[in-house]
Amino acid sequence: LCGSVGVQRRPGIFGARRSRLLSVEQKSHKDGDVTGTGNLLRRLIFQASAVALLPALIAFIWLGLVREPLSQATNLSKLAQAAVDGRASMLSLYISDLEQRVDLVADQLLTGQPPARDLNPANLGFPDADAVTYIPLDDLGTVNISPGDHGLRTHIDIDVVRRAFGGENPQPESILTDEKAYTLFARGLGSPVSGVIVIEVGNSRLDELVLAGSEGQYRIIQELPGMSGVTVAGQMSADAIASTHISNTPWRLDFSPSEQWLSKAQVGWWDLGLS
């Protein structure tokens, strides 16, 4: 019998391997698509976050590096000016009180008996004065005032007395000598002026009023025409950042803040981030 016989072919070893390789490649391709899609999604999320945060970051940097330093400088300047103005007001009140007492002494002497050349401050109700002196005009209506006369020590004393003889109410001026530091007041008696009362007050109370506080240091500078500024009271180890005039005096008050005061007044980065 010569009939045909059907033969079923089985896949060979190479065909099986090829099938497996195709399956792995297809799977890897699918996994790669998933991984690539995930990476792309993450990049998009990161970029979106960066874009969203960028304005805030720029604003924070601008606040920290530009606006806040300017704002802090302005605030510190205002705080420093407030500190020196407050201390100057206290000094002005002290000087005004002394001047009122000087005027009272002048009124007492003007309405009483002709005063002696040297007077006891305690008897005149001015115990914190170091000396009270009356300088009268002589019979010719003149007076000799030179350093050493009538207890006057310097040309500043003489200038104050001369202006009082001229009918002025001169501002108090501070005099520094090797022996002592004092502030001089002078008032003319009568109209026309027949004499001048001179009152000398030591600077110890002035020194107390400009002692350094927790906020910083102070000093009084006397500024007279034609003369360089002279430190009358107080001391300063750094440059002044605020100054003001003390009313009714030829004095300027300077202020230099302490490091502790500055650190409390300045805003930190953490506070900036919360603002």
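Each residue takes its place number in the sequence, starting with 1.
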Exercise. Start with the C-alpha distance between Leu152 and Ile135, add both sets of side-chain angles, then the distance that settles side chain to side chain contact (heavy atoms under 4.5 Å, CB included), and finish with yes or no.
Key: CA-CA 10 Å; Leu152 304 177; Ile135 306 175; 4.3 Å; yes
Exercise. Given salt bridge (Lys or Arg N to Asp or Glu O under 4.0 Å), test Arg162 with Glu168 step by step and report yes or no.
Key: CA-CA 9 Å; Arg162 280 179 176 165; Glu168 296 182 33; over 6 Å; no
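Side-chain contact, Asp157 with Thr154: a donor N or O sits under 3.5 Å from an acceptor N or O.
The same ILVMFWY cluster, assembled from side-chain heavy atoms under 4.5 Å apart, contains both Phe255 and Met90. Neither Val201 nor Val230 shares a network with the other; the hydrophobic side chains, linked directly or stepwise wherever heavy atoms of I, L, V, M, F, W or Y lie under 4.5 Å apart, form separate groups for each. When the side chains of ILVMFWY residues are joined at heavy-atom separations under 4.5 Å, either directly or via intervening members, Tyr94 and Ile221 end up in two distinct hydrophobic clusters. Transitive grouping of hydrophobic side chains (ILVMFWY, heavy atoms separated by less than 4.5 Å) keeps Met236 and Trp261 in distinct clusters. Grouping the Ile, Leu, Val, Met, Phe, Trp and Tyr side chains by contacts below 4.5 angstrom, directly or via other members, places Leu176 apart from Ile220.
A donor-acceptor pair under 3.5 Å links the side-chain atoms of Gln81 to the main chain of Ser243, judged by distance alone. Looking at Gln260, its side chain never comes within 3.5 Å of a backbone N or O of Ser214 through a donor-acceptor pair. A donor-acceptor contact shorter than 3.5 Å is absent between the side chain of Ser92 and the backbone of Ala88. Side-chain atoms of Thr244 never come within 3.5 Å of backbone atoms of Leu253 as a donor-acceptor pair (strictly under, hydrogens ignored). Listed for the Ser194 side chain is no donor-acceptor partner under 3.5 Å among the backbone atoms of Gly190.
For Arg163 and Glu173, the salt-bridge test passes: some basic side-chain N is under 4.0 Å from an acidic carboxylate O.
Applying the salt bridge (charged side-chain N to carboxylate O under 4.0 Å, His left out) rule to Arg219 yields the partners Asp254; only residues at least two apart in sequence or on another chain are considered. In this structure, the side chain to side chain contact (heavy atoms under 4.5 Å, CB included) partners of Asp97, at least two apart in sequence or on a different chain, are Arg101. For Asp103, the salt bridge (charged side-chain N to carboxylate O under 4.0 Å, His left out) test picks out Arg187, with sequence neighbours left out. In this view, Arg87 and Glu215 satisfy the salt bridge (charged side-chain N to carboxylate O under 4.0 Å, His left out) rule, not counting sequence neighbours. For Leu211, the side chain to side chain contact (heavy atoms under 4.5 Å, CB included) criterion is met by no residue, not counting sequence neighbours.
In this structure, CD1 on Ile246 lies 9.5 Å from OG on Ser89, to the nearest 0.5 angstrom. Going from atom CG of Leu184 over to atom CD1 of Ile175 covers 4.5 Å, rounded to the nearest 0.5 Å.
Heavy atoms of other residues, nucleotides or ligands lying less than 6.0 angstrom from NE2 of His245 number more than 12. Counting non-hydrogen atoms of other residues, nucleotides and ligands closer than 6.0 Å to CD of Glu208 gives a total above 12.
The side chain to side chain donor-acceptor pair (under 3.5 Å) contacts involving residues 231-240 comprise Gln217-Ser237, where partners must be two or more places apart or lie in separate chains.
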